[in-house]
Visitor: 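Here it is, the structure in full.
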Amino acid sequence: MQALGTEATTWLAVGHGIAGLAALVLAPWKTRVSTRGVARRNRGRSFSLAFAVVAIGVLLTGILHMTGLVITLGPVTTLWLHIALSLTLIPYLAWHVTVRRTLPRRTDLSRRNLLRLSGLAAAGVALWWGGEGVTRAAALAGARRRFTGSHETSSFVPAGVPVTSWLNDRVPVVDGETWRVTIQDANGLRSLSLFDLADLSNEEIIADLDCTSGWWSRQAWTGVRLDRLLQTGEAGSVLVRSVTGYDRRFPVRDLDRIWLATTVGDQPMLAGHGYPARLVIPGRRGFWWVKWVAAIETSDLPWWVQPPYPLS
Ligand SMILES: Nc1nc2c(c(=O)[nH]1)N[C@H]1C(S)=C(S)[C@@H](COP(=O)(O)O)O[C@H]1N2
Ligand SMILES: [Mo]
């Protein structure tokens with residue numbers, strides 16, 4: 001849902017913030033329990049201490065991103081670090097609940113605990129509300145975030161947009177003169193040059209590129225709509241593949257909202273941003289906007305036959 005990035009998912013970003021801040025409320029209690037564990041020299045003590053540091057890092061980066069106090073940390077965004085640190089906590093948490101298991105008891109379902117839980121939720125909401133209030137009152141960058149939680153950057157200045165790859169894709173060297181996009185659809189196989197494509201590109205699209213690493217940018221692209229480029233016949237989905245091998249699959253019904261673009265700000269796009277051609281998809285998060293498109297093909301598979309997030 002956040003993967004799609006439509007406004008209907010605002011509650012996810014808000015709920016996530018509230019839950020994170022509720023965790024902060026629990027920190028003093030958890031610290032007391034942990035301090036005892038450390039004093040008793042529990043097995044895996046240094047391991048646990050290392051992860052306590054990581055957990056603090058997760059909370060801290062979350063708060064820095066929300067408020068906008070620190071948006072980038074060297075080569076990565078604060079939100080990127082927040083996600084990376086959170087992912088390293090998953091194996092630790094699995095270990096923690098196995099080794100430090102506390103069995104659930106009947107009394108856990110008591111009225112008292114229900115009250116405690118409501119109190120915790122209320123504290124989370126209060127902290128979130130307060131945090132947003134302070135962010136606004138102090139006119140911090142966090143007050144101007146998009147509904148996805150992302151910070152605006154370099155709108156209408158394409159050269160200022162961060163060159164972003166999902167995990168490990170590298171910017172390929174593509175020669176626009178010899179480059180072709182191959183199209184496989186109900187009409188068979190054909191290929192188009194950049195010149196052919198520029199000829200077909202008859203629409204300007206003003207859209208927001210919103211990366212899951214926490215930034216967004218509005219640009220004006222020109223391109224051709226995929227439903228005008230393809231004969232889908234009975235196809236179940238359309239696969240768009242990059243020169244690098246990176247690919248994403250789309251439902252046929254979405255093709256009237258997906259463009260294959262060749263310019264941004266009336267200029268050919270820069271190598272890092274997808275030259276010679278990239279997808280532009282208003283309303284979908286950045287990782288769907290395949291860069292350096294090499295092939296577009298219709299397929300019998302439904303669109304959801306793919307990992308929910310790219311794997312490379
Ligand atoms: N081929 C390819 N396309 C890609 C990616 C990638 O790693 N490889 N990253 C995606 C992600 S996560 C984002 S946010 C946008 C970033 O576009 P930009 O580099 O022009 O800012 O490209 C998308 N398209
Ligand atoms: Mo992204």
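Just follow the structure's listing: the first ligand is 1, and inside any ligand the first atom is 1. Heavy atoms only: backbone and side chains are in, while hydrogens, waters and symmetry mates are out. One is the number of the first residue; the rest follow in order along the sequence.
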Visitor: When the ring planes of Tyr92 and Phe51 are compared, do they come out parallel, tilted or perpendicular, using 30° and 60° as the limits?
Guide: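 Correct class here is parallel.
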Visitor: Parallel, tilted or perpendicular: which fits the ring planes of Trp166 and Tyr309, with parallel below 30° and perpendicular above 60°?
Guide: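 Rings of Trp166 and Tyr309: parallel, as their planes differ by under 30°.
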Visitor: Hey, which atoms in ligand 1 end up nearer than 4.0 Å to a heavy atom of Val161?
Guide: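 In order of number, 21 (O).
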Visitor: Any atoms of ligand 1 less than 4.0 Å from a non-hydrogen atom of Phe287? List them with their elements.
Guide: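 Answer for ligand 1: 10 (C), 11 (C), 12 (S).
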Visitor: Among all protein non-hydrogen atoms, which one is nearest to atom 19 (O) of ligand 1, and what is the separation to 0.1 Å?
Guide: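 Here the closest protein heavy atom is Lys291 NZ, 2.5 Å.
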Visitor: Hey, any chance Trp289 and Val171 share a hydrophobic cluster, counting ILVMFWY side chains that come within less than 4.5 Å of each other, even indirectly?
Guide: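 Hydrophobic grouping puts Trp289 with Val171.
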Visitor: Can you check whether Arg146's main-chain N or O pairs, donor with acceptor, with Ser150's side chain at less than 3.5 Å?
Guide: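 Flag not set: sc Ser150 to bb Arg146 has no pair under 3.5 Å.
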Visitor: Applying a 4.0 Å heavy-atom criterion (strictly less than), which segment of Arg278 is in contact with ligand 1: side chain, backbone, both, or neither?
Guide: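 It is the side chain that touches ligand 1; the backbone stays farther off.
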Visitor: Should Ile296 and Phe250 count as side-chain neighbours, where that means a heavy-atom distance under 4.5 Å?
Guide: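 No, too far: nothing below the 4.5 Å cut-off.
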Visitor: Measuring centre to centre across the rings, with the benzene-like ring taken for any Trp, is Tyr246 within less than 6.0 Å of Trp292?
Guide: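 No - the distance between ring centres of Tyr246 and Trp292 does not fall below the 6.0 Å cut-off.
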Visitor: Suppose we measure from atom 16 (C) of ligand 1 to each protein heavy atom; which comes out shortest, and what is that distance?
Guide: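 Answer, as residue, atom name and distance: Thr164 O, 3.5 Å.
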Visitor: Answer yes if the side chains of Gln184 and Thr182 hold a donor-acceptor pair under 3.5 Å, and no otherwise.
Guide: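 There is no such pair between these side chains.
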Visitor: What atoms in ligand 1 come closer than 4.0 Å to a heavy atom of Trp166?
Guide: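 Answer for ligand 1: 6 (C), 7 (O), 9 (N), 12 (S).
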Visitor: Consider ligand 1: state whether an atom of it lies below 4.0 angstrom from any non-hydrogen atom of Met269.
Guide: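 Per 4.0 Å heavy-atom rule, Met269 does not contact ligand 1.
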Visitor: Quick test of your reading of the structure: of Ser154, Gly286, Gly272, whose heavy atom lies closest to atom 10 (C) of ligand 1?
Guide: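 Nearest heavy atom to atom 10 (C) of ligand 1 lies in Gly286.
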Visitor: Mark up the atoms of ligand 1 that fall under 4.0 Å of a heavy atom belonging to Trp215, in ascending order.
Guide: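 Per the distance check, 21 (O).
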Visitor: Quick one: look at Pro162 and ligand 1, take heavy-atom pairs under 4.0 Å, and tell me if it's side chain, backbone, both or neither.
Guide: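 It is the backbone that touches ligand 1; the side chain stays farther off.
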Visitor: Report the part of Leu209 (side chain from C-beta onward, or backbone N, CA, C, O) that has a heavy atom under 4.0 Å from ligand 1; answer both or neither where that applies.
Guide: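 Side chain only.
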Visitor: When you measure from atom 5 (C) of ligand 1 to every protein heavy atom, which one gives the shortest distance, and what is it?
Guide: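 Here the nearest protein heavy atom works out to Tyr246 CZ, 3.8 Å.
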Visitor: Within ligand 1, which atoms have a heavy atom of Val163 less than 4.0 Å away?
Guide: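 What qualifies from ligand 1 is 19 (O).
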Visitor: Answer yes or no: is there a donor N or O on one side and an acceptor on the other, between the side chain of Ser110 and the main chain of Asn113, under 3.5 Å?
Guide: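 The answer is yes, because a donor-acceptor pair under 3.5 Å joins these two groups.
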Visitor: Against heavy atoms of His273, which atoms of ligand 1 measure under 4.0 Å?
Guide: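 Near His273, the atoms of ligand 1 are 18 (P), 19 (O), 20 (O), 21 (O).
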Visitor: Number the atoms of ligand 1 from 1 as they appear, then name those within less than 4.0 Å of a heavy atom of Thr244, with their elements.
Guide: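 Listed by number with element: 1 (N).
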Visitor: Taking atom 2 (C) of ligand 1 as the point of reference, which of Asp169, Leu167, Val171 owns the nearest heavy atom?
Guide: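 Heavy atom nearest to atom 2 (C) of ligand 1 belongs to Asp169.
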Visitor: Could you identify the single nearest non-hydrogen protein atom to atom 24 (N) of ligand 1 and state the distance to 0.1 Å?
Guide: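 The closest heavy atom on the protein side is Trp289 O, 3.0 Å.
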Visitor: Are Lys291 and Asp169 close enough for a salt bridge, meaning some N to O gap below 4.0 Å?
Guide: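 No, no charged N to carboxylate O under 4.0 Å.
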Visitor: Which one holds for Trp288 and ligand 1: side chain close, backbone close, both close, or neither close, with close meaning a heavy atom under 4.0 Å?
Guide: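 Within the 4.0 Å criterion, Trp288 makes no contact with ligand 1.
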Visitor: Considering only heavy atoms of Ser242, which atoms of ligand 1 have at least one such atom less than 4.0 Å away?
Guide: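 Those qualifying, in numeric order: 1 (N).
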Visitor: Pairing donors with acceptors under 3.5 angstrom, does anything connect the side chains of Thr263 and Thr222?
Guide: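 Judged by distance alone, the side chains do pair up.
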Visitor: I'd like to check Leu260 versus Leu279 (side-chain heavy atoms, cut-off strictly below 4.5 Å). Are they in contact?
Guide: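 They are in side-chain contact.
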Visitor: Given 3.5 Å as the limit, does a donor-acceptor pair link the side chain of Arg144 with the main chain of Glu152, or not?
Guide: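 Pair absent, no side-chain N/O of Arg144 close to backbone of Glu152.
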